[in-house]
Engineer: 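Take a look at this one; I'll ask things after.
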2 protein chains.
Amino acid sequence: MSTNAYPRTSRGVARREQILRAAEAMIGAQGFSAASIADITRHAKTALGTFYIYFSSKEDVFRELVLEMGQLTRAVITQAVAGAPNRLEAERAGLKAFLRFVVERPSLYRIVEEARFIDAEAYKAYFTSFAKAYAAQLNDAAAAGELRPGDAEVRAWALMGIAKTLGERYVLWDDTSDIDHVVDEAFSMIRDGLAP
Amino acid sequence: MSTNAYPRTSRGVARREQILRAAEAMIGAQGFSAASIADITRHAKTALGTFYIYFSSKEDVFRELVLEMGQLTRAVITQAVAGAPNRLEAERAGLKAFLRFVVERPSLYRIVEEARFIDAEAYKAYFTSFAKAYAAQLNDAAAAGELRPGDAEVRAWALMGIAKTLGERYVLWDDTSDIDHVVDEAFSMIRDGLAP
DNA sequence: TTGAAATATGAATCAGTATTCATGTTTTAT
DNA sequence: ATAAAACATGAATACTGATTCATATTTCAA
């Protein structure tokens, strides 16, 4: 059929989800090119052809996973940051929440990073939109005197870079139980770098 | 022949270099899987089979390019940092030199990042060794009172993250002529984050 | 209950491309 | 000058894996 139309039965909904999760696991573990459709359907305990009932291509599932990761990351961070008394505390909370999220969904993290090479547009759109919202927050905080004035966009990208790299090093490579230490050390640098 | 032994004639040396440069251009532009050996040899103006005289596989050239990028980056930064009067100025100079290097060799930058998915060990080795040397410098500087005390390793990774991400955003995506502005803004954050 | 729509199956198709190899050509050492 | 070693060539091989499709089976509305 080769569509990726939304399923009309609950069985269909469940199958699609099975396949999506299997794709997350396989692509996350082996990478986009190494993970075959056969791997994915085997892991989803379904037939090869079933894949193409729900997704039109391998790129298609991949794109959906990138989208999913974007929504989840935003949701997780937004929620973590919600209760912070000020912007600096929000930075700490956001960084910690991000690293915890990477612990929980390492495959999605890898998928987003690989998107740079598989679907560059999706990757760029994801980070650009994230950065835009992030910069707006930093701008507001600076206007309110909570941060030293400065180029919010450059700051947003720099802070995103810190989070991405620490996530890779201290979560994906080295499943350190001491995420709090990493957050504290990085945050003390960020705090003094941004405080008014 | 399928070796990657070093060539014994000057013609061989030149051919190998041609192919290496073509591989840099093709893989850098299209990515590892999209760039075919045929693309590479066509661009190098040589026959398909010649590739296998100098490299044993596509992964093999790729690995060599990653190695090369590692050496070059180190050399560029080491040299840029050499004249700095203190560690903070070294940070500024290092960041600027890195971004300038990305302007000159965007393909090599992309190759190193893609290495995470093609040759994870090479990628990890590259950054781990870089981070180790970087952290040692930061440690010395902190001991000398040039930086506030703190976990040098976490700092090194955070600073590498800033450089990588700004390079991607402001050089690869947006060939901004205003690298200096980006450096200044990022540096002012780094400076206050690290200053004693 | 029943037939049309939706979903499931996996063997067969199809395309792409990494790698090899048998055969020339060029270089180098003597 | 000459033979051995290096190097060059590109058609042929070999293999992988994405996508299709004809054929079941299941679901659901009427």
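Each chain gets a letter, A, B and so on, in the order its sequence line appears, and its residues count up from 1. As the structure is a computational prediction, the values presented were derived from the model and not from experiment.
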Engineer: Tell me whether A:Thr41 contacts the main-chain N or O of A:Ala38 through its side chain, where contact means a donor paired with an acceptor under 3.5 Å.
Structural biologist: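 Answer holds: yes.
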Engineer: Taking OP1 and OP2 of D:dA6, is either one under 4.0 Å from a side-chain nitrogen or oxygen of B:Thr9?
Structural biologist: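 No.
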Engineer: Please report, rounded to the nearest Å, how far the P atom of D:dC21 is from the OH atom of A:Tyr52.
Structural biologist: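 For the pair A:Tyr52 OH and D:dC21 P, the rounded distance is 13 Å.
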Engineer: Rounded to the nearest angstrom, tell me the gap between atom CZ in B:Phe55 and atom C1' in D:dC7.
Structural biologist: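 From B:Phe55 CZ to D:dC7 C1': 14 Å.
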Engineer: Please report the end-to-end axis angle for the helix from C:dT1-D:dA30 to C:dT30-D:dA1, five pairs per end, rounded to 10 degrees.
Structural biologist: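 Angle reported: 20°, given to the nearest ten degrees.
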Engineer: Within this structure, what is the CZ-to-P distance between A:Phe62 and D:dA18, rounded to whole angstrom?
Structural biologist: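 Result: 14 Å.
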Engineer: Please confirm whether the backbone N or O of A:Asp140 pairs with a side-chain atom of A:Arg87, one donor and one acceptor, at under 3.5 Å?
Structural biologist: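 Checked: no pair found.
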Engineer: Which nucleotide, C:dT19, D:dT19, D:dC7, lies nearest any side-chain atom of B:Ser57?
Structural biologist: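 In terms of side-chain proximity for B:Ser57, the closest of C:dT19, D:dT19, D:dC7 is C:dT19.
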Engineer: Apart from B:Phe117 itself, what residues make up its hydrophobic cluster when side-chain heavy atoms of I, L, V, M, F, W and Y under 4.5 Å apart count as a link, directly or indirectly?
Structural biologist: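 Its cluster mates, by chain and number, are A:Phe117.
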Engineer: Would you check if the side chain of A:Thr50 reaches a backbone N or O of A:Thr46 as a donor-acceptor pair within less than 3.5 Å?
Structural biologist: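 Absent.
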Engineer: Output every pair passing salt bridge (Lys or Arg N to Asp or Glu O under 4.0 Å) with a member in residues 117-134 of chain A, not counting sequence neighbours, ordered by first then second residue.
Structural biologist: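 Qualifying pairs, neighbours excluded: A:Arg63-A:Asp119.
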Engineer: Let me spell it out: for each of B:Arg11 and B:Glu59, pick the nucleotide of DNA chain C with the closest heavy atom. Which residue's pick is nearer the 5' end?
Structural biologist: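 Counting from the 5' end, the first nearest nucleotide belongs to B:Glu59.
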Engineer: Determine yes or no for a side-chain-to-main-chain donor-acceptor pair under 3.5 angstrom, with B:Glu185 supplying the side chain and A:Asp151 the backbone.
Structural biologist: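 Judged by distance alone, yes, a pair lies under 3.5 Å.
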Engineer: If only atom types and distance count, is the side chain of B:Asp39 paired as donor or acceptor with the main-chain N or O of B:Ala35 below 3.5 Å?
Structural biologist: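 Side chain of B:Asp39 to backbone of B:Ala35: no pair is present.
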Engineer: Roughly how far, to the nearest 0.5 Å, is CG of B:Leu65 from CD of B:Glu114?
Structural biologist: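 If I round to the nearest 0.5 Å, the distance is 11.0 Å.
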Engineer: Output yes when a side-chain donor or acceptor of A:Lys164 lies under 3.5 Å from a complementary backbone atom of B:Gly161, and no otherwise.
Structural biologist: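 Here the side-chain-to-backbone pair does not exist.
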Engineer: Got more than 12 heavy atoms from elsewhere within 6.0 Å of CD, A:Glu59?
Structural biologist: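 Counting other residues, nucleotides and ligands, CD of A:Glu59 exceeds 12 neighbours.
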Engineer: Polar pairs (N or O, both sides) under 3.5 Å between protein and nucleotides 1-5 of chain D?
Structural biologist:
none

Engineer: For A:Arg110 and A:Glu113, what are the C-alpha separation, side-chain angles and deciding distance, and is it a salt bridge (charged side-chain N to carboxylate O under 4.0 Å, His left out)?
Structural biologist: CA-CA 5 Å; A:Arg110 299 194 62 218; A:Glu113 288 303 313; over 6 Å; no
Engineer: Does OP1 or OP2 of C:dA8 have a side-chain N or O of A:Tyr54 closer than 4.0 Å?
Structural biologist: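 Answer yes for this pair, as a side-chain N or O of A:Tyr54 is under 4.0 Å from OP1 or OP2.
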Engineer: Nearest-Å distance, CD1 (A:Ile37) to C1' (D:dG17)?
Structural biologist: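 So the two atoms are 9 Å apart, to the nearest Å.
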Engineer: Does anything in residues 21-35 of chain A reach DNA chain D, meaning a heavy atom under 4.0 Å, and if so which residues?
Structural biologist: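 Going residue by residue through residues 21-35 of chain A, the ones with a heavy atom under 4.0 Å of DNA chain D turn out to be A:Ala35.
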Engineer: Apply salt bridge (charged side-chain N to carboxylate O under 4.0 Å, His left out) to residues A:Arg191 and A:Glu91 and explain how you reach the verdict.
Structural biologist: CA-CA 8 Å; A:Arg191 185 208 328 111; A:Glu91 288 304 319; over 6 Å; no
Engineer: Extract from the structure each pairing of a protein N or O with an N or O of nucleotides 9-11 of chain C at less than 3.5 Å, listing the distance.
Structural biologist:
unit_1, atom_1, unit_2, atom_2, d
C:dT9, OP2, A:Thr46, OG1, 2.7
C:dT9, OP2, A:Ala47, N, 2.9
C:dT9, OP2, A:Thr50, OG1, 3.2
C:dG10, N7, A:Gly49, N, 3.1

Engineer: Any chance CD of B:Gln30 has more than 12 other-residue heavy atoms, nucleotides or ligands included, within less than 6.0 Å?
Structural biologist: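 Check passes, neighbour count above 12.
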